[in-house]
Amino acid sequence: MNAFNYFLSGLLFGAGLMISGMANPENVIGFLDIFGEWNPSLLFVMASAVSVGLVANVIRKKRSRPFIAVDWQIPSKTNIDRDLVIGATIFGIGWGLSGYCPGPGLLAAFLSPSSGLLFFISLIVGSYIFEKKGRFFPSHLPSLR
Amino acid sequence: MSDFTYPIIGGLLIGLSASILLLGSGRVAGISGLLANLLFKDRKILPFLFLAGLILGGTFSQTFFGFDTIENTLNTPFWMIILSGLLVGYGTRLGSGCTSGHGVCGIPRLSLRSLIATCIFIVSAIVTVILTR
């Protein structure tokens, strides 16, 4: 049942990416290019997804455990640390270069093999470098907050 | 139909996807995290099912609704695509999430970390686009 829920959630996510237009990097770059011919569709996608998520989180707060799985596995970190700030900055630069983030990149690896597959293989290499090498700056520096 | 009908329907589906994973399985639908679990961690079957579903759901709706194939219409040079993938792969691991984990899942959880991460990566992506296009 839990396995089926993961699969169903993935199906909906993939359909959502395709139908929203976010699977196409042209729409993403169109949103990020604020001085060009601005395409606000990413904002509508985000706002609709977040509204549904807000309802889900109201339900979550009322429950001691999920409907299928045994316990909650929700990220527990709350501090704003260097890893978060530097990581998000690096991710944003990469996102802006191509218009691909991980979800659309995975889809594009199958649907537009030349650029999409190239992006996705590079993404795997990038996360492998993090797994093996970790940070390129001292991790003992104090947190920003 | 307005130009934003599809973005809104697609966004609702993405929100629904994240909601059933959250409420059913107690997990955040972060693509970079699920992918890292599939590649580098022990419990592989559940992230595999999600990511396989994502590919099938995307491919099926493309065929079923007759969306255009995604080509490299932006003519992004290959070196830029490779650099982009490396930075996205590294940055999402270091920053614990991407557009889905921080944006779609973190903001509705009212996570300050996710809200700040989302603002940072949108701004850094906007600056990158201004400098490169």
Side-chain angles (χ1 to χ4, degrees), chain A residues 2-3 5-7 9-20 24 26 32-33 41 44-45 48-50 52-54 56-57 66-69 72-73 83-84 87-98 101-103 107-108 110-112 115 118-119 122-123 126-127 129-131, chain B residues 4 6-27 31-32 40 46 49-50 53-55 57-58 61-62 70 72-73 76 80-82 84-95 98-100 104 107-109 117 120-121 124-126 128-129:
Chain A
N2 199 33
N5 194 49
Y6 269 77
F7 183 67
S9 174
L11 278 177
L12 290 169
F13 206 104
L17 282 178
M18 179 56 67
I19 293 169
S20 66
N24 187 347
E26 208 176 328
L32 297 170
D33 191 8
S41 54
F44 285 84
V45 178
S48 343
V50 165
V52 179
L54 284 169
N57 276 281
F67 285 90
I68 305 166
W72 299 108
Q73 299 171 44
D83 286 0
L84 183 82
T89 307
I90 294 175
F91 163 47
I93 296 170
W95 191 33
L97 283 175
S98 68
C101 55
L107 204 48
F110 283 80
L111 297 180
S112 67
S115 57
L118 191 61
F119 170 82
S122 315
L123 183 156
S127 30
I129 293 172
F130 180 76
E131 289 296 316
Chain B
F4 302 116
Y6 282 117
I8 289 169
I9 294 172
L12 293 175
L13 286 172
I14 292 171
L16 188 64
S17 155
S19 300
I20 67 166
L21 199 67
L22 177 70
L23 294 175
S25 305
R27 204 198 185 288
I31 311 294
S32 57
F40 309 117
L46 295 175
L49 286 167
F50 180 92
L54 188 153
I55 294 162
S61 43
Q62 183 186 45
I70 308 159
N72 186 6
T73 46
T76 311
M80 232 158 101
I81 289 183
I82 294 172
S84 160
L86 292 172
L87 295 175
V88 170
Y90 187 86
T92 51
R93 296 313 301 139
L94 180 63
C98 58
T99 338
S100 53
V104 173
I107 292 176
R109 286 197 295 118
I120 292 174
F121 64 65
S124 90
I126 287 175
T128 305
V129 170

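Each chain gets a letter, A, B and so on, in the order its sequence line appears, and its residues count up from 1. Just so we're clear, the structure is a prediction, and the values are computed from it rather than from any experiment. Because only heavy atoms are used, hydrogens play no part in the values below, and waters and symmetry mates are left out as well, while side chains stay in.
B/Thr92 places a side-chain heavy atom less than 4.5 Å from the side chain of A/Pro102. In this structure the side chain of B/Arg27 reaches within 4.5 angstrom of the side chain of A/Tyr6, judged on heavy atoms. Under the 4.5 Å side-chain criterion, counting only non-hydrogen atoms from C-beta, B/Ser84 is in contact with A/Phe119. Using a 4.5 Å heavy-atom cutoff, the side chains of B/Val104 and A/Val45 are not in contact. Between A/Asn5 and B/Ile20 the shortest side-chain heavy-atom distance falls below 4.5 Å.
With a threshold of 4.5 angstrom between heavy atoms, A/Phe13 approaches chain B through its backbone and through its side chain. Residue contact with chain B, scored on non-hydrogen atoms closer than 4.5 Å, involves the backbone and the side chain of A/Gln73 alike.
Between the side chain of B/Ser124 and the backbone N or O of A/Thr89, at least one donor-acceptor pair lies under 3.5 Å. For B/Ser17 (side chain) and A/Ser9 (main-chain N/O), a donor-acceptor pair under 3.5 Å exists by modelled atom type. Proximity of a side-chain donor or acceptor of A/Asp33 to a complementary backbone N or O of B/Val129 within less than 3.5 Å is not detected. Side-chain atoms of A/Ser20 never come within 3.5 Å of backbone atoms of B/Gly10 as a donor-acceptor pair (strictly under, hydrogens ignored).
Expressed to the nearest 0.5 Å, how far CZ of A/Phe7 lies from CG of B/Leu54 amounts to 10.5 Å. Rounding to the nearest 0.5 angstrom, the gap separating the CZ atom in B/Arg93 from the CD1 atom in A/Ile129 is 13.5 Å. To the nearest 0.5 Å, the span separating OG on B/Ser25 from CD1 on A/Ile68 amounts to 5.0 Å. Expressed to the nearest 0.5 Å, how far CG of A/Leu11 lies from CG of B/Leu49 amounts to 10.0 Å. A/Ser115 contributes atom OG, which lies 4.5 Å from atom CD1 of B/Ile81 (distance to the nearest 0.5 angstrom). Here the CG-OG distance, from B/Leu12 to A/Ser48, works out to 5.0 Å after rounding to the nearest 0.5 Å.
Nearest heavy atoms, A/Trp72 versus B/Gly26: CE3-CA, 3.6 Å. What you find for A/Cys101 and B/Thr99 is that their closest heavy atoms are SG-OG1, 3.1 Å. When all heavy atoms are compared, the tightest approach of A/Ala56 to B/Leu23 is O-CD2, 3.5 Å. Nearest approach of B/Cys98 to A/Phe91, heavy atoms of both residues: CA-CE2, 3.8 Å. Contact record, A/Val52 with B/Ser19: CG1-OG, 3.5 Å, taken as the closest heavy-atom pair. The two residues B/Arg109 and A/Asn57 have their closest heavy-atom pair at CG-OD1, 3.4 Å.
Interface check for chain B: of the options A/Ser127, A/Gly103, A/Ser41, A/Ala3, the most heavy-atom pairs under 4.5 Å are formed by A/Ser127. In terms of heavy-atom pairs under 4.5 angstrom with chain A, the leader among B/Gly91, B/Ala18, B/Ser32 is B/Gly91. Between chain A and the options B/Leu13, B/Ile107, B/Leu94, B/Leu16, the largest number of non-hydrogen pairs under 4.5 Å is found for B/Leu94. Listed options A/Leu32, A/Leu17, A/Val50, A/Leu54 were ranked by heavy-atom pairs under 4.5 angstrom with chain B; first place goes to A/Leu32.
Between the side chains of A/Ser98 and B/Thr76, no donor N or O sits under 3.5 Å from an acceptor N or O.
Partner of A/Leu123 under the side-chain contact (heavy atoms from CB on, under 4.5 Å) criterion, out of B/Ile82, B/Val88, B/Leu87: B/Val88 alone.
Using cut-offs of 30° and 60° for the angle between ring planes, the B/Tyr90 and A/Phe130 rings count as perpendicular.
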